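Here the structure comes first, spelled out in structure tokens, and everything after it is commentary.
Worth saying up front: this structure is predicted, and the values here are computed from it rather than measured. Numbered from 1 within each chain, the chains take letters A, B, ... in sequence-line order.
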Protein chains: 2
Amino acid sequence: MVIKKIALGITADLHVHLRQGKMMELITPTVRQGGISVAYVMPNLTPPITTIESVKKYHTELSKISPETTFLMTLYLCKDLTPELVEEAAKLKLIKGIKCYPAGVTTNSQAGVDPNDFTGFYPIFKVMQEYGLVLNLHGEKPSIHSDIEEDDDDDEREEIHVLNAEPKFLPALIKLHSDFPNLKIVLEHCTTKEAIEAVDKINQQERKSSSDPVIVAASITAHHLSLTIDNWAGDPINYCKPVAKLPSDKKALIKAAVSGKPYFFFGSDSAPHELCNKSKHIGVCAGVYTQLYALGYLAQVFEKHNKLDKLKDFVSTFGLNFYQLKDEDIVCKDTVSLIKEEFKIPELLKNEQGDIVVAPFKPGETLNWKVEWSQN
Amino acid sequence: MVIKKIALGITADLHVHLRQGKMMELITPTVRQGGISVAYVMPNLTPPITTIESVKKYHTELSKISPETTFLMTLYLCKDLTPELVEEAAKLKLIKGIKCYPAGVTTNSQAGVDPNDFTGFYPIFKVMQEYGLVLNLHGEKPSIHSDIEEDDDDDEREEIHVLNAEPKFLPALIKLHSDFPNLKIVLEHCTTKEAIEAVDKINQQERKSSSDPVIVAASITAHHLSLTIDNWAGDPINYCKPVAKLPSDKKALIKAAVSGKPYFFFGSDSAPHELCNKSKHIGVCAGVYTQLYALGYLAQVFEKHNKLDKLKDFVSTFGLNFYQLKDEDIVCKDTVSLIKEEFKIPELLKNEQGDIVVAPFKPGETLNWKVEWSQN
């Protein structure tokens with residue numbers, strides 16, 4: 001039977017970058033246009049979101065642009081946060097979680113933390129665990145760039161590079177989970193077989209029944225289900241952090257995404273950058289913009305693997321359950337379906353003035369699935 | 001003792017790309033400006049160099065631009081070549097070798113060969129062996145790009161990607177050498193520990209005395225002594241084929257370059273592209289332009305590793321010996337020294353009209369060694 005329509009209900013993208021200013025104005029509406037009801041919003045603005053005031057302000061701005069989208073807010077883990085501030089934000093139900101960036105690994109992560117030592121943040125994690133807040137981990141050890149100036153003769157030093165940065169982070173994840181067994185953690189935008197296996201192992205060891213709650217989950221992007229290293233070598237549009245890895249890693253990610261395991265769910269990590277910051281010979285910004293066609297990219301992969309029946313769990317049920325979203329948390333109950341219909345992805349996305357230009361993932365390629373909203 | 005001057009004699013860069021037209025006019029003089037006496041010229045023009053006429057024409061053009069540079073010419077291995085043509089070129093002493101590109105791996109390699117089966121070229125290799133011509137191998141198996149459209153479920157198929165493309169090629173090198181034990185071969189622009197080890201192993205097995213001639217050699221670029229994957233992720237200026245690999249590979253390359261082993265010598269693979277073809281979000285050209293400061297980049301690495309005493313062998317003796325260059329082959333006997341003097345690499349290199357713009361390797365960085373020519 002050829003599937004012509006897929007009902008997805010209330011969908012969730014549990015990792016979005018909506019930026020600030022004009023870029024925010026262009027990108028925020030594409031959450032809903034891309035078929036997403038609930039967006040979990042990253043706090044890596046300039047400056048990062050670290051106060052009650054700035055969370056409130058950002059939520060107000062986003063809601064004004066897209067009143068039908070449910071925005072779940074986060075704080076940026078750094079030395080500015082205190083247990084008291086986190087407790088206050090939790091009590092006010094302003095935030096769902098806190099995002100942890102290792103310093104220097106990706107866009108606006110300069111203020112991030114040293115993943116070799118999380119203990120300074122343990123008082124914060126204790127509060128988070130108590131209030132059921134989620135710790136969202138960018139799971140990479142910062143790369144050590146070697147160049148002529150640097151002493152690379154020190155064989156004792158661990159060699160971290162873009163390919164092993166995620167596997168090298170996994171012991172820190174395991175230690176955190178062991179020290180805070182009830183702290184909900186998401187290993188964000190997994191890119192390696194090792195990461196998938198680590199999260200699988202934790203869940204297999206701890207969840208004795210399928211009704212047991214998920215404590216440690218992994219989010220998976222749309223683009224990492226399509227890309228490998230060969231696709232970003234020479235194509236900065238596909239360059240993101242963590243970088244797409246090898247074909248064997250991509251296979252492991254696809255297998256996890258279509259597995260029907262409730263601890264693997266969708267987070268696009270859609271990360272728009274102005275075209276001028278992607279089309280450079282030096283210092284290209286890391287990030288792939290997928291928001292506008294997020295569900296279509298996913299459906300294409302699930303369809304290819306004959307797993308369209310698993311798509312709803314991946315983009316809706318599993319994420320909403322993990323974040324314990326209730327009916328009253330959803331600002332608009334419209335539901336989403338995907339309709340089988342071919343269309344061409346545009347080369348560029350622009351605002352009306354034409355001064356903000358973003359290249360979408362897979363420009364010029366054909367997608368088979370269009371978003372359709374139904375009022376509720 | 002602080003070394004202030006290094007006498008290098010007649011230097012050789014045994015792998016250069018000098019292009020055509022206006023780019024050729026801009027780049028060709030930079031061979032000598034960069035301190036190189038003898039340049040081994042790659043034939044991947046559009047169309048590729050495959051006839052006696054086109055070799056002659058290209059040599060004439062280059063010599064007209066830079067009469068003091070000795071250009072060693074090559075043909076492009078493809079179905080257009082015949083054993084008769086190769087024999088004629090050898091007898092006329094028009095060429096020193098033939099370059100073999102696996103189809104599709106790098107700039108202008110569309111007409112290349114299938115490295116899974118070289119046997120169709122065996123009659124040509126036989127002639128080459130007889131006349132002492134060198135086979136210059138771009139040692140990569142063509143990558144298999146995986147994308148949504150492609151069937152990547154076939155686990156039987158070998159997965160080739162930019163990181164393992166060179167190691168996967170090595171069995172082809174070993175078979176070729178075994179089938180033509182006296183055919184001189186250069187594994188060009190090695191980037192992996194595995195490649196270095198393979199060439200090392202062949203030589204250790206076969207060369208019983210240090211006076212035995214080298215049959216299988218490896219060329220090493222300047223940029224691969226500085227770069228790892230982290231340096232081209234997000235910096236297309238550093239993107240080349242083969243791509244720079246991991247820190248462990250870089251260490252193996254440096255170790256080989258400074259080893260004083262006569263089968264490791266310099267070939268810059270300097271590969272200029274117009275800036276507009278590097279500053280793109282899609283389809284960036286592969287290649288790093290190092291020609292103008294080639295010796296300076298090298299000296300910096302050798303100096304850092306306290307091996308400046310090995311530089312002359314690497315950039316002169318070993319390559320000239322392998323190619324059996326005689327005095328009468330050198331069109332100008334001027335010699336080169338490096339003088340210790342700091343200067344800043346410019347951001348861009350342009351022709352007079354300003355319509356051809358190339359970004360040099362390490363723009364804006366400081367180099368410690370300047371080229372000085374002495375008339376002879």
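A salt bridge does not link B/E159 with A/K250: none of the charged nitrogens is closer than 4.0 Å to a carboxylate oxygen.
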Exercise. Could you walk me through whether B/I229 and A/I229 pass side-chain contact (heavy atoms from CB on, under 4.5 Å), step by step?
Key: CA-CA 10 Å; B/I229 182 170; A/I229 183 171; 3.7 Å; yes
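Between chain A and the residues B/C240, B/G234, B/A286, the largest count of heavy-atom pairs under 4.5 Å involves B/G234. The most heavy-atom pairs under 4.5 Å with chain A, out of B/V243, B/N277, B/L246, come from B/L246.
Taken to the nearest 0.5 Å, the CH2 atom of B/W232 stands 4.0 Å off from the CH2 atom of A/W232. The NE2 atom of A/H161 sits 6.5 Å away from atom OG of B/S248, with the distance rounded to the nearest 0.5 Å.
Side-chain contact between A/D235 and B/H281 is absent, with no heavy atoms from C-beta onward closer than 4.5 Å. When side chains are defined from C-beta on, B/K280 does not count as touching A/P236, because their heavy atoms never get closer than 4.5 Å.
Within the 3.5 Å criterion, the main-chain N or O of B/V162 finds a donor-acceptor partner in the side chain of A/D230.
Counting heavy atoms of neighbouring residues, nucleotides and ligands inside a 6.0 Å radius, atom NZ of B/K350 does not exceed 12 of them.
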